[in-house]
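Here the structure comes first, spelled out in structure tokens, and everything after it is commentary.
Every chain is numbered from 1, with letters handed out A, B, ... down the list of sequences. For clarity, every value in this text was computed on a predicted model and none was experimentally measured.
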Number of protein chains: 2
Amino acid sequence: MATTLWKQLLLNAIDSNANLKHSSFFQLATVGSNGRPANRTVVFRGFEEGSDKIQINTDCRSRKIDDIRHCPFSEICWYFTSSWEQFRFNGRIEIIDGSNFDPDKVQKREKAWFASSLRSRAQYLGPSPGLPCINEESSKESSIDPTKGPVDAFCLLLLDPEQIDYLNLKSNKRLIFRSEQSDERGKCWLTEEINP
Amino acid sequence: MATTLWKQLLLNAIDSNANLKHSSFFQLATVGSNGRPANRTVVFRGFEEGSDKIQINTDCRSRKIDDIRHCPFSEICWYFTSSWEQFRFNGRIEIIDGSNFDPDKVQKREKAWFASSLRSRAQYLGPSPGLPCINEESSKESSIDPTKGPVDAFCLLLLDPEQIDYLNLKSNKRLIFRSEQSDERGKCWLTEEINP
């Protein structure tokens, strides 16, 4: 399968900004049950194998999970500070948590767990994010067994892009990629140049 | 008036990241009329004089204006790549465009216009953002008269923060600031430490 143009542009941007640790960070917008938008920084964890879906790890106890259960649509805004490129990914998010017993999904969640550092994994043993801080010793932090699979709080998110808005601030070019589902050829992408 | 803690933290972050051009960029999330979130990078244009409102310049013809007219709530996510601090500002946005004749607002919009560079101003004479690109010569770009006030497409946005979620990834501390309107003392802020 040939790599689509937007994916090639993204892979190039990731490559040309790779010297910056923060280049794998982007902002994920969701809509809360109160109808208001929410927006936070998360880490790019690669693409799902053999697909265009963007992987994000998160804590099941975080507010974004409530948001996504209420409204599964999301927009990622990913700005590359060195190459001056912005990618906006709009699409539906799938939540894969410990209550998912589909063997394929269990495996994806495990793979994402083992791909993250021990330090990242230890965070999921910490107290509930967003709750008032009670300064108890977080003795659990060192108790991650590196051979053990994901803990309950660990959750994998998969964003399936339907539309990508690409802006290059150096060339002042902007492209919109829209996905079309066709029964014969699967997903295909329509590209249009639009005004920046 | 004493500077509130969140504002002092923000001013410190702006100061300690000032060597990076992109440190004045943040991501603005809105909700579209289709109920889906949207998210894009915009530029911090300072605070409204004597207030906590965050200023953003934008093009009246951009999609975010339709979003804000439909749902005035927004969340800014501002990540500082050098100091590892994140600020999330949730609040209502006010649109100040050319149809606003309140003298105070006319003046604010003019001030924002003249505070931006000639190059920034020239963008508002370009073709409608987001529309298909017709490669006509944009001869208008050089026709900005530096003494003339804002063009029709120029719009000032003011975000009035109601809640600020501050996260410091170096100290692993997170604080929530919630505003409370009191008749006697005006706006005041409640601060709580929460789990990161």
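At least one cation-pi condition fails for A:Lys7 and A:Trp189: the charged atom is not both under 6.0 angstrom from the six-membered ring centre and inside a 45 degree cone around its axis.
If you measure heavy-atom distances from A:Glu192 to chain B, the contacts under 4.5 Å come from the side chain alone. Using a 4.5 Å cut-off between heavy atoms, B:Glu193 contacts chain A through both its backbone and its side chain. In this structure, the portion of B:Phe25 lying under 4.5 Å from any heavy atom of chain A is its side chain and not its backbone. Proximity to chain A is limited to the side chain of B:Arg88, based on heavy atoms less than 4.5 angstrom apart. The contact between B:Pro196 and chain A is made entirely by backbone atoms, counting heavy-atom distances below 4.5 Å. For B:Arg40, the parts sitting under 4.5 Å from any heavy atom of chain A are the backbone and the side chain alike. Proximity to chain B (any heavy atom under 4.5 Å) is restricted, for A:Thr30, to the backbone atoms N, CA, C and O. Only the backbone of B:Leu28 has a heavy atom closer than 4.5 Å to any heavy atom of chain A. Neither the backbone nor the side chain of A:Leu167 comes within less than 4.5 Å of any heavy atom in chain B. Heavy-atom distances place the side chain of A:Gln86, and not its backbone, under 4.5 Å from chain B.
Chain A forms more heavy-atom pairs under 4.5 Å with one residue of B:Thr81, B:Leu20, B:Asp165 than with any other, namely B:Thr81.
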Original post:
Can B:Thr58 and B:Lys64 be said to form a side chain to side chain contact (heavy atoms under 4.5 Å, CB included), step by step?
Top reply: CA-CA 9 Å; B:Thr58 194; B:Lys64 66 177 93 51; 2.8 Å; yes
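When ring centroids are compared, B:Trp78 and B:Phe87 stay outside the 6.0 Å threshold.
Comment: A:Glu180 does not engage A:Lys187 in a salt bridge, judged by the lack of any side-chain N to carboxylate O separation of less than 4.0 angstrom.
With hydrogens and angles ignored, the 3.5 Å screen pairs a side-chain donor or acceptor of A:Glu75 with a backbone N or O of B:Asn39.
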